[in-house]
A.B. asks: 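I am attaching a structure below and will ask some questions about it afterwards.
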Amino acid sequence: MIQKPKGTQDIYGKKAKTIKYLEKLIESVAEKYNFSYSRTPVFERSEVFHRGVGDTTDIVTKETYDFIDRGNRQMTLRPEGTAALVRCFLENKLYSENINKFWYFEPMFRYERPQSGRFREHYQFGFEVFGSNDPMLDAEIISIPVTIYKLLGLKGIKVNVNTLGDAESRKNYRIALINYFKPYINDLCDDCKQRLEKNPLRILDCKVDCEKEIMKNIPKMSDYLNDESKVFFESVKKYLDAYEINYEVKDTLVRGLDYYTHTVFEVEADIKGFGAQNVLCGGGRYNSLIKTLDGPDTPALGFGMGVERLMNALEAEEIVVGDKKTLDCFIITISDNEKTYAAKLLYDLRINGFSVDADYLSKNLKGQFKEADKYNSKFIIILGEEEVKTGMLTVKDMILKEENKIYKEEIIDFLDMNVGD
RNA sequence: GCGGAAUUGGUGAAGUGGUUAACACGCUAGAUUGUGGCUCUAGUAUGCAUGGGUUCGAUUCCCAUAUUUCGCCCCA
């Protein structure tokens, strides 16, 4: 038996229905926020992510699906949505417009060891805004996942926010961190020893070293923010209050992708018994990314949310979404003699907008009734010798449990009147 | 990349080094030859992830591989 590749999933049945429902919900939220739908290729030239996400990040150093195509080009399966969308933004010169608001819902690929809430292929949706430095948008971006959780009735969530400041603040803080940790380099874990030169900010959210004595007096980002960055973050917080968002400022929150500046945020699942992978959503402002990828200096921000983790959270809170499967009508035939008549009827009803099905397994009457039940059919049409001959159909209302005789010519009007929403 | 635990019909699962692999759901047929949902009866794994090995004999013990799951790291 051939098994699926590690960390991938077959999506069908209940799971498929939930994903479809979520996608529609997200689309409707996107419309309300005036974001437009976008799609980019599943694979890109590797440098999109290597330069975009950052060469020192774990995502790029050990988690990308890289391959060389037949034309000897180095390609990478998309590990996250932002860098790819920035490439699209630049290539199509969308910066000629004032502002661009995009959303996406696509599979992402990371070569990792799977566990609860983590896959090698998973779905992620995200919202990105290019072209504005207004702190009101930072709050708006954070409000989108919060709105989605609210619409779904998901309560166990926690919003953490921080600022990394602008390039100058970040540079000063970086120097301060290196100076602080250098004397203690032997006390740090092996990963952090590497991080010290390449990306010292990442030491802050290291889970190995976080309990150590040296972590207690580390310089604070807030002391290295220049006035402009401070004012910006204060505005963001003011707007967050206006959006009535409950958040916590967490000054060790730095995020694992290199492109962030100013505002960064995460939404955690705060549900008892939830797995170790509890970050449902993460994002922030990335004002320097577009320039890094050879574009004009354009401010931007956004977030991404893991669909499987969102579904885990819904399940943990026993929230069921999506409608029950129903059928307007099921056609039962007494014998094979009525099958051509049934075929015509199926075609007629379907083309007139009804959801209709019939038996294709030559089941007996009882079996056909059971099947109609399984699909929650509102009506059943029973076709026998008599009905075919006279054109007088036997129609059973499964909700009122009553049977009617309807002329074939009137069946569409009849169903129209009785199959409401 | 590192560590732990798993893998038995369509599904949830019990079980054992030795003739017929429990139970439940589902499915099929019948009781009920044009009316389902309830009930009753019968049927439903020549096989226990795959490939090796140990053994007179392996689904059971050992090894490898694949997948799942729970952590670490990291992230959505």
Side-chain angles (χ1 to χ4, degrees), chain A residues 1-10 13 53-54 56-64 78-82 104-126 145 189-192 194-195 199 202 205-210 253-257 265-269 273-283 302-313 330 332-335 337-338 359 361-377 380-388 394-398 401-403:
Chain A
M1 180 81 80
I2 300 170
Q3 292 172 302
K4 62 179 176 292
K6 186 182 285 204
T8 61
Q9 20 177 10
D10 294 321
V53 178
T56 63
T57 59
D58 282 2
I59 290 181
V60 165
T61 55
K62 55 182 208 194
E63 293 170 10
T64 49
R78 176 183 53 218
E80 60 98 47
T82 304
Y104 61 83
F105 189 111
E106 287 173 314
M108 305 291 169
F109 305 84
R110 292 187 201 171
Y111 194 88
E112 298 182 273
R113 190 81 159 256
Q115 66 184 71
S116 174
R118 190 171 71 192
F119 300 86
R120 288 190 171 182
E121 182 188 28
H122 78 283
Y123 287 83
Q124 215 177 103
F125 65 86
C189 72
D190 290 346
D191 285 333
C192 287
Q194 299 285 319
R195 288 170 185 147
N199 195 351
R202 296 292 321 288
D205 66 355
C206 175
K207 280 161 193 124
V208 178
D209 289 332
C210 67
L253 175 63
V254 295
R255 313 269 322 137
L257 289 71
F265 78 99
E266 278 180 355
V267 183
E268 287 176 35
F274 201 78
Q277 309 302 322
N278 69 336
V279 175
L280 300 182
C281 163
F303 78 88
M305 175 139 46
V307 175
E308 290 80 2
R309 288 185 192 178
L310 175 59
M311 292 200 290
N312 280 354
F330 192 89
I332 285 178
T333 49
I334 302 296
S335 75
N337 297 335
E338 292 85 35
D359 164 55
L361 296 170
S362 301
K363 290 191 182 185
N364 61 17
L365 211 59
K366 182 175 168 175
Q368 294 188 59
F369 266 97
K370 274 191 172 180
E371 213 176 337
D373 272 341
K374 195 170 84 187
Y375 298 129
N376 291 304
S377 273
I380 289 178
I381 296 176
I382 300 157
L383 294 180
E385 206 182 332
E386 194 64 25
E387 285 82 357
V388 171
T394 303
V395 181
K396 186 159 184 175
D397 185 323
M398 298 305 280
K401 310 218 184 284
E402 56 181 38
E403 209 166 284

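Both backbone and side-chain heavy atoms feed into the values below; hydrogens, waters and symmetry mates do not. Below, read A as the first sequence line, B as the second, and so on, with proteins coming before strands; counting in each chain starts at 1.
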A.B. asks: Indicate, with a heavy-atom threshold strictly under 4.0 Å, whether K396(A) touches base, sugar-phosphate, or nothing.
C.D. replies: base
A.B. asks: Taking the minimum atom-to-atom distance to the side chain of Y111(A), which one of A76(B), G34(B), G1(B) wins?
C.D. replies: G1(B)
A.B. asks: Does U68(B) have OP1 or OP2 under 4.0 Å away from a side-chain N or O of K6(A)?
C.D. replies: no
A.B. asks: Taking the side chain of K366(A) as its heavy atoms from C-beta onward, which of A76(B), U39(B), G34(B) lies nearest to it?
C.D. replies: U39(B)
A.B. asks: Where each residue is assigned the nucleotide of RNA chain B containing its nearest heavy atom, which of A372(A) and V279(A) is assigned the position nearer the 5′ end?
C.D. replies: A372(A)
A.B. asks: Please state how far atom NZ in K374(A) lies from atom C1' in C27(B), giving the value in whole angstrom units.
C.D. replies: 9 Å
A.B. asks: Flag the pair Y111(A) / P79(A) as yes when at least one side-chain heavy-atom distance between them is below 4.5 Å, and no otherwise.
C.D. replies: no
A.B. asks: What I want to check is whether an N or O donor and acceptor connect the side chain of E112(A) with the base of A76(B) at under 3.5 Å.
C.D. replies: yes
A.B. asks: Going by purine N1 to pyrimidine N3 plus the second Watson-Crick contact, or the G-U wobble pair, all under 3.5 Å, which nucleotide sits opposite A24(B)?
C.D. replies: U11(B)
A.B. asks: Pairing check on U39(B): which nucleotide meets the Watson-Crick or G-U wobble criteria with it, both distances under 3.5 Å?
C.D. replies: A31(B)
A.B. asks: Of E386(A) and A276(A), whose nearest nucleotide on RNA chain B comes first from the 5' end?
C.D. replies: E386(A)
A.B. asks: Does S116(A) have a side-chain nitrogen or oxygen under 4.0 Å from the phosphate oxygens OP1 or OP2 of C70(B)?
C.D. replies: yes
A.B. asks: Counting only side-chain heavy atoms from C-beta out, which of U35(B), A76(B), C27(B) sits nearest to F369(A)?
C.D. replies: U35(B)
A.B. asks: Return the nearest nucleotide to the side chain of R118(A); candidates are U68(B), A76(B), G34(B).
C.D. replies: A76(B)
A.B. asks: When the distance from CZ of R120(A) to C1' of A76(B) is rounded to whole Å, what number comes out?
C.D. replies: 16 Å
A.B. asks: Can you check whether any acceptor in the base of C70(B) is under 3.5 Å from a donor in the side chain of R113(A), or vice versa?
C.D. replies: no
A.B. asks: Please classify the nucleic acid contact of Y123(A) as base, sugar-phosphate, or nothing, using heavy-atom distances under 4.0 Å.
C.D. replies: nothing
A.B. asks: If every non-hydrogen atom of P114(A) is compared with every non-hydrogen atom of K6(A), which pair is closest and at what distance?
C.D. replies: CG-CG, 3.6 Å
A.B. asks: What distance, rounded to whole Å, do you find between the two C1' atoms, one in C62(B) and one in U54(B)?
C.D. replies: 7 Å
A.B. asks: Taking the minimum atom-to-atom distance to the side chain of R255(A), which one of C74(B), U67(B), A76(B) wins?
C.D. replies: A76(B)
A.B. asks: Write down the distance separating the P atoms in U11(B) and G26(B), rounded off to the nearest Å.
C.D. replies: 15 Å
A.B. asks: Of K374(A), E371(A), K396(A), which is the lone residue that meets side chain to side chain contact (heavy atoms under 4.5 Å, CB included) with F330(A)?
C.D. replies: E371(A)
A.B. asks: Regarding R78(A) and the six-membered ring of F109(A), is the cationic atom NZ or CZ under 6.0 Å from the ring centre and inside 45° of its axis?
C.D. replies: no
A.B. asks: Could you tell me whether the side chain of Q368(A) has a donor or acceptor atom within less than 3.5 Å of a complementary atom in the base of G34(B)?
C.D. replies: no
A.B. asks: Identify whether any heavy atom of E387(A) sits under 4.0 Å from a base atom; if not, whether one sits that close to sugar-phosphate; answer base, sugar-phosphate or nothing.
C.D. replies: base
A.B. asks: What's the CZ-P distance between F330(A) and G37(B), to the nearest Å?
C.D. replies: 15 Å
A.B. asks: Does N364(A) place a side-chain N or O at less than 4.0 Å from the phosphate oxygens OP1/OP2 of A29(B)?
C.D. replies: yes
A.B. asks: Using a 4.0 Å heavy-atom cut-off, does T333(A) contact any base of the nucleic acid, only the sugar-phosphate backbone, or nothing at all?
C.D. replies: nothing
A.B. asks: Could you work out the separation of U60(B) and U44(B) based on their C1' atoms and round it to a whole Å?
C.D. replies: 25 Å
A.B. asks: Mind checking the C1' distance from G1(B) to C74(B)? Whole angstroms is fine.
C.D. replies: 11 Å
A.B. asks: Give one of base, sugar-phosphate or nothing for E80(A), where a contact means two heavy atoms less than 4.0 Å apart.
C.D. replies: nothing
A.B. asks: Can you check the I382(A) CD1 to U33(B) P distance for me, whole Å?
C.D. replies: 16 Å
A.B. asks: For G1(B), give the paired nucleotide (Watson-Crick: N1-N3 plus N6-O4 or O6-N4; G-U: N1-O2 and O6-N3; both under 3.5 Å), or none.
C.D. replies: C72(B)
A.B. asks: Using the C1' atoms only, state how far A14(B) lies from A45(B), rounded to an integer number of Å.
C.D. replies: 15 Å
A.B. asks: Parallel, tilted or perpendicular: which one describes the rings of F125(A) and F105(A), with boundaries at 30° and 60°?
C.D. replies: parallel
A.B. asks: Just so I know, are the side chains of N376(A) and M398(A) near enough to count as touching, which here means a heavy-atom distance under 4.5 Å?
C.D. replies: no
A.B. asks: With the 90 degree cut-off around zero defining syn, does G47(B) come out syn or anti?
C.D. replies: anti
A.B. asks: Nearest to the side chain of E403(A) - U35(B), A76(B), C73(B)?
C.D. replies: U35(B)
A.B. asks: How long is the line joining CD of Q115(A) and P of G4(B), in whole Å?
C.D. replies: 16 Å
A.B. asks: Are I332(A) and D359(A) side-chain neighbours, meaning at least one heavy-atom pair lies under 4.5 Å?
C.D. replies: no
A.B. asks: Send over the distance from E308(A) CD to A76(B) P, rounded to a whole Å.
C.D. replies: 13 Å
A.B. asks: Heavy atoms, side chains only, cut-off 4.5 Å: are K363(A) and K370(A) in contact?
C.D. replies: no
A.B. asks: Any donor-acceptor pair under 3.5 Å joining the side chain of Q277(A) to the base of C74(B)?
C.D. replies: yes
A.B. asks: Within the 4.0 Å heavy-atom criterion, would you say G367(A) contacts the bases, only the backbone, or no part of the nucleic acid?
C.D. replies: nothing
A.B. asks: Which value, in whole Å, describes the distance between the P atoms of nucleotides U69(B) and U32(B)?
C.D. replies: 49 Å
A.B. asks: Quick one: label G283(A) by what it contacts on the DNA or RNA (base, sugar-phosphate, nothing), any heavy atom closer than 4.0 Å.
C.D. replies: nothing
A.B. asks: If you count the non-hydrogen atoms of other residues, nucleotides and ligands that lie under 6.0 Å from CD in E385(A), is the total more than 12?
C.D. replies: no
A.B. asks: Quantified in whole Å, what is the C1' atom distance between nucleotide G12(B) and nucleotide A22(B)?
C.D. replies: 14 Å
A.B. asks: What's the NZ-C1' distance between K363(A) and A29(B), to the nearest Å?
C.D. replies: 13 Å
A.B. asks: Reckon M108(A) touches a base, only the sugar-phosphate, or nothing at all at heavy-atom distances under 4.0 Å?
C.D. replies: nothing
A.B. asks: Quickly work out the L365(A) CG to U35(B) P distance and round it to whole Å.
C.D. replies: 7 Å
A.B. asks: For atom C1', what is the distance between G15(B) and U65(B), given to the nearest Å?
C.D. replies: 27 Å
